[in-house]
Amino acid sequence: MKNLYIYPYLIVLLLLGIGVQAQEQPSLRDRANQFYNEYQYAKAAPLFESLVDSKRPRATDLERLADCYRKMNNYSVAENWYVRVLEDSTSNPINFLRYAEVLKANGKYKEAKGAFEQYATKGGDSEEISSLVQGCDSAIVWMENPTTHTLRNEAAVNTALAEFGAYTVEDKVYYVGEPDAIMFKNVYGWTGNPFLRVYNTKRYENNGLQQSNIAEATFNNEPYHVGPIASNKEGTTLYVTRTHAGSVNQKEKEERKRYRTKNLELYIYTNDNGTWNATPFAYNNVKEYSVGHAALSLDGETLYFVSDMPGGQGGTDIWYSERLLNGEWGQPQNAGTMINSKGDEMFPSITTEGTLYFSSNGWLGMGNLDVFTSKGSRGQWSKAVNMHFPVNSAGDDFAYTVNDITNLTEAGYMSSNRKGGVGSDDIYSFTYLKPTFNVVLSGVTYDKESEEPLPETNVTLLDERGEVLALKTSKEKGQFEFEVDVEKAYSVLGERVGYYPDSAHTNTNGLNPGDTVKVALYLDQLKQGKTFRLDNIYYDFDKFNIRQDAAIILDGLVKVLKDNPTLRIELSSHTDSRGRDKYNMSLSQKRAQAAVNYLVSKGIARDRMVAKGYGESKLLNRCANGVKCSEAEHQLNRRTEFTVLEL
């Protein structure tokens, strides 16, 4: 589809020929640019990272590195690099738009609004920017007033790769995922991961999912992407999206290179006594456009799908075909302007007769793709309505399906690449309850040194898994409030430019609706010469590589450095007194340098940091050489800190 799927793993591009002079030994930059031009962003990014790790990196190298991470949907890292790109006052104005987009994708709506407005002053499309700014304003309001949806990451099926598009057929759930590279050697260069395949798993109580299996080869025996799927009620007919595997394709040209773009097509599988027979959808036309993302009406008489065929409203639209008397599908019709926009609509689902859910990037929304709903059928629909937070987030939210409905609740599945997930795209189960009044979590943000209330502090409410539930800004006297559920654990995080963040943990165990639980956040102001300890930075014995648990803490420091662009620090590592003094000094220097290298890989300029190992020279207690101490006392001395050098 005209780029039917903004998802990179649903676009297949094959390099036909290279229009540059061949070189026997291409340079690092030549190889980086070649991978970039071949859409192999996962291979290009580390090469560009090596190129920009210098005092005067080339602007084009920085731009392409930032763009690699943006196109791989790694928005947090992309944001760091766009900050570096925009340090150049002559930067192309489009970089301001890209920066605003990744800010929005990272949930920084206030900052994104300012960046969109800055881009508008440089000649950006005023109508487009006005809509994006409105989306930022709406997102702030929606996050302050979340709906009663409860989302649960189905971690039993989610991996570090992509899983999405859960579809229920009786007690079985089909979904799409990127398989392990050990199983499938054919890897897609855009993401660096194998092509998509169809999986299935059993649906348990409360829509829980357990360990899954890759579906039978009948559906998966294809060279490129397979999925998502839809089904009739009985599960005897499946509608499967596939990337066309034949030689017919579109040709595109970019930077003196020619590519073939593989289009998508829809196949209908029918079960004949246990044997699946595949028939192409009558309106596939891979020479001209793509067709995919099917959804069947409950009566089985209308087939909805997504396509960029001529006659649509924008990029990809929702279309439908009606079943004819002879059982064939009729000529496709566009579903109309009430749901189709100038952007891309995709992942439709029909849950109850007359209710449509779909995702779009063309209507007012919180992220790139938001979930919308509408009432109607075929070509007659009510105006698309945004589902608000927490169904929608700063990321891509899509494939929303309902499989259990009562008078008080709705339950089903959706997919998202929001922060806090297991991998890139994850499957979430959800429950929607009619709103009820619950416990109030009330707090105040303070300046740690003066103990005065600190207004205009961003306060994030998170559940026990670290997933964002709501976001507010503290008021004039630092106060903030959230409505929360009983018998749950929560965290609140306070952040403000010029301060080191603070967090607090609480729970509502034993409380009743109407009760109040209180917390206080003390943010520490960044000042020259001040030292801050980074808690829970651990290293394996005698090692200095950055572990995953340490990376999470260092990511918080990345944010502090990014939010305070003039901040320059010394990052220091300390050991306890055990071991030889000289060895401890060397080990601590390696650990400090490894931490700095990690921050550089996240887009922080190396000249903003100094790595310093102090070994055991700055003990915090009595535990010097030869002094008998407990493990807890030794642990106090094993620490990583940063000191403000300039601000």
Asks: Per the ring pair (Phe, Tyr, Trp, His ring centres under 6.0 Å) rule, which among Y413, Y357, Y400 passes with F430?
Replies: Y400
Asks: Side chains of K383 and S374: donor-acceptor distance under 3.5 Å anywhere?
Replies: no
Asks: Treating T373 as the side-chain partner and L356 as the backbone partner, does any N or O pair qualify as donor plus acceptor under 3.5 Å?
Replies: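 Between the backbone of L356 and the side chain of T373 there is a qualifying donor-acceptor contact (under 3.5 Å).
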Asks: Give a yes or no on whether the backbone of Y69 and the side-chain of N74 come within a donor-acceptor separation of less than 3.5 Å.
Replies: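 Not confirmed, N74 side chain does not pair with Y69 backbone.
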Asks: For the backbone of V102 and the side chain of N106, can you confirm whether one donor and one acceptor N or O come within less than 3.5 Å of each other?
Replies: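 Yes, the answer is positive, given that a donor and an acceptor are paired below the 3.5 Å cut-off.
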Asks: Measuring only between side-chain heavy atoms, which start at C-beta, is F164 closer than 4.5 Å to Y175?
Replies: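 When only atoms from C-beta onward are counted, Y175 and F164 do not touch, as no gap falls below 4.5 Å.
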Asks: Side-chain contact, heavy-atom cut-off 4.5 Å: N73 with Y75?
Replies: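 Heavy-atom side-chain distance check passes, below 4.5 Å.
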Asks: Could you tell me whether R242 and E222 have a side-chain N and a carboxylate O separated by less than 4.0 Å?
Replies: yes
Asks: Would you tell me whether S360 and E345 have side-chain atoms, one donor and one acceptor, within less than 3.5 Å of each other?
Replies: yes
Asks: Roughly how far, to the nearest 0.5 Å, is OG of S349 from CG of N403?
Replies: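 It is 10.5 Å, given to the nearest 0.5 Å.
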Asks: If the test is side-chain contact (heavy atoms from CB on, under 4.5 Å), which one of N507, V517, T508 qualifies with Y490?
Replies: T508
Asks: Less than 6.0 Å separating the ring centroids of H149 and Y432?
Replies: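 Centroid distance H149-Y432: below 6.0 Å, so yes.
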Asks: Output yes when a side-chain donor or acceptor of S415 lies under 3.5 Å from a complementary backbone atom of G165, and no otherwise.
Replies: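 Side chain of S415 to backbone of G165, a donor-acceptor pair under 3.5 Å: yes, one is there.
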Asks: May I have the step-by-step check of ring-ring contact (aromatic ring centres under 6.0 Å, His included) for Y167 and Y174, ending in yes or no?
Replies: CA-CA 5 Å; Y167 189 92; Y174 290 93; 8.0 Å; no
Asks: Using 4.0 Å as the upper bound for N to carboxylate O, is an ion pair formed by K172 and E170?
Replies: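 No, no charged N to carboxylate O under 4.0 Å.
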Asks: How long is the span from the CG atom in L151 to the CE atom in M414, to the nearest 0.5 Å?
Replies: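 The distance works out to 5.5 Å.
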Asks: Which atoms form the tightest heavy-atom contact between S138 and L364, and what is the distance?
Replies: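 In this case the closest contact between S138 and L364 is OG-CD2, 3.5 Å.
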Asks: Might you point out which heavy atoms bring P310 and Y289 nearest each other, and give the distance in Å?
Replies: CD-CD2, 3.7 Å
Asks: With the side chain counted from C-beta on, respond yes when M366 and Y109 share a heavy-atom pair under 4.5 Å apart, and no when they do not.
Replies: yes
Asks: What is the minimum heavy-atom distance between L461 and L441, and which atoms define it?
Replies: CD1-CD1, 4.1 Å
Asks: Heavy atoms only: give me the nearest L264-S290 pair and the separation to one decimal.
Replies: N-OG, 2.7 Å
Asks: Would you say Q211 has more than 12 foreign heavy atoms packed within less than 6.0 Å of its CD?
Replies: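 Not more than 12 within 6.0 Å, no.
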Asks: How close do F281 and S321 get, heavy atom to heavy atom, and via which atoms?
Replies: CZ-OG, 3.9 Å
Asks: Would you compute the distance between atom CG of N206 and atom OG of S429 and round it to the nearest 0.5 angstrom?
Replies: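 If we round to the nearest 0.5 Å, N206:CG and S429:OG are 8.5 Å apart.
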Asks: Report yes if some heavy atom in the side chain of K233 is under 4.5 Å from a heavy atom in the side chain of L296; otherwise report no.
Replies: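 Answer no - side chains too far apart.
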Asks: Specify whether W142 and H388 have parallel, tilted or perpendicular ring planes, treating 30° as the upper limit for parallel and 60° as the lower limit for perpendicular.
Replies: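 W142 and H388: parallel rings.
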Asks: Do the side chain of D370 and the main chain of N392 share a donor and acceptor less than 3.5 angstrom apart?
Replies: no
Asks: Nearest 0.5 Å, what's the OG1-CG distance between T241 and L196?
Replies: 10.5 Å
Asks: Apply side chain to side chain donor-acceptor pair (under 3.5 Å) to the pair N232 and T236, showing each step before the final yes or no.
Replies: CA-CA 7 Å; N232 63 352; T236 56; 2.9 Å; yes
Asks: Any side-chain heavy atom of N153 sitting closer than 4.5 Å to one from N158?
Replies: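 The answer is yes; the side chains approach within 4.5 Å.
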Asks: Counting N and O atoms only, with roles assigned by atom type, does the side chain of E154 sit under 3.5 Å from a partner on the main chain of L209, one being a donor and the other an acceptor?
Replies: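 Indeed, once roles are kept as given, a pair shorter than 3.5 Å links the two residues.
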Asks: To the nearest 0.5 angstrom, please state how far the OH atom of Y239 sits from the CZ atom of F305.
Replies: 12.0 Å
Asks: Looking only at side chains, do D397 and S416 share a donor and an acceptor under 3.5 Å apart?
Replies: yes
Asks: So, K488 and E464, do they make that salt bridge, N to O below 4.0 Å?
Replies: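 No, no charged N to carboxylate O under 4.0 Å.
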Asks: In the structure I gave you, are the side-chain heavy atoms of W319 and M309 within less than 4.5 Å of one another anywhere?
Replies: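 Side chain of W319 against side chain of M309, heavy atoms only: contact under 4.5 Å found.
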Asks: D272 side chain to W276 main-chain N or O, any donor-acceptor pair under 3.5 Å?
Replies: no
Asks: Would you mind telling me which of K104, K559, K108 makes a salt bridge (Lys or Arg N to Asp or Glu O under 4.0 Å) with E79?
Replies: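 When salt bridge (Lys or Arg N to Asp or Glu O under 4.0 Å) is applied between E79 and each of K104, K559, K108, only K108 qualifies.
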Asks: Assign the ring pair Y267 / Y269 to parallel, tilted or perpendicular, where the plane angle (0 to 90°) is split at 30° and 60°.
Replies: tilted
Asks: Mark yes or no for whether R418, through its side chain, and G395, through its backbone, hold a donor-acceptor pair below 3.5 Å.
Replies: no
Asks: Heavy atoms, side chains only, cut-off 4.5 Å: are I318 and N340 in contact?
Replies: yes
Asks: Step by step, would you call K202 with V173 a side chain to side chain contact (heavy atoms under 4.5 Å, CB included)?
Replies: CA-CA 6 Å; K202 187 176 180 182; V173 173; over 6 Å; no
Asks: Please work out whether the ring planes of Y304 and Y320 are parallel, tilted or perpendicular, with thresholds of 30° and 60°.
Replies: tilted
Asks: Are more than 12 heavy atoms, taken from residues, nucleotides or ligands other than N221, located less than 6.0 Å from that residue's CG atom?
Replies: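 At most 12 heavy atoms, drawn from other residues, nucleotides or ligands, come within 6.0 Å of this atom.
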Asks: Report yes or no: does D344 contribute a side-chain atom to a donor-acceptor pair with the main-chain N or O of T316 at less than 3.5 Å?
Replies: yes
Asks: For H293 and V306, which heavy atoms make the closest approach, and how far apart are they?
Replies: CB-CG2, 3.7 Å
Asks: Nearest 0.5 Å please: distance from the CD atom of E265 over to the CG atom of N284.
Replies: 5.0 Å
Asks: Would you say the side chain of L469 lies within less than 4.5 Å of the side chain of L462, judging by non-hydrogen atoms?
Replies: no
Asks: Whether the T159 and E163 side chains hold a donor-acceptor pair (N or O, under 3.5 Å, no angle test) is what I'd like checked.
Replies: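 There is such a pair between these side chains.
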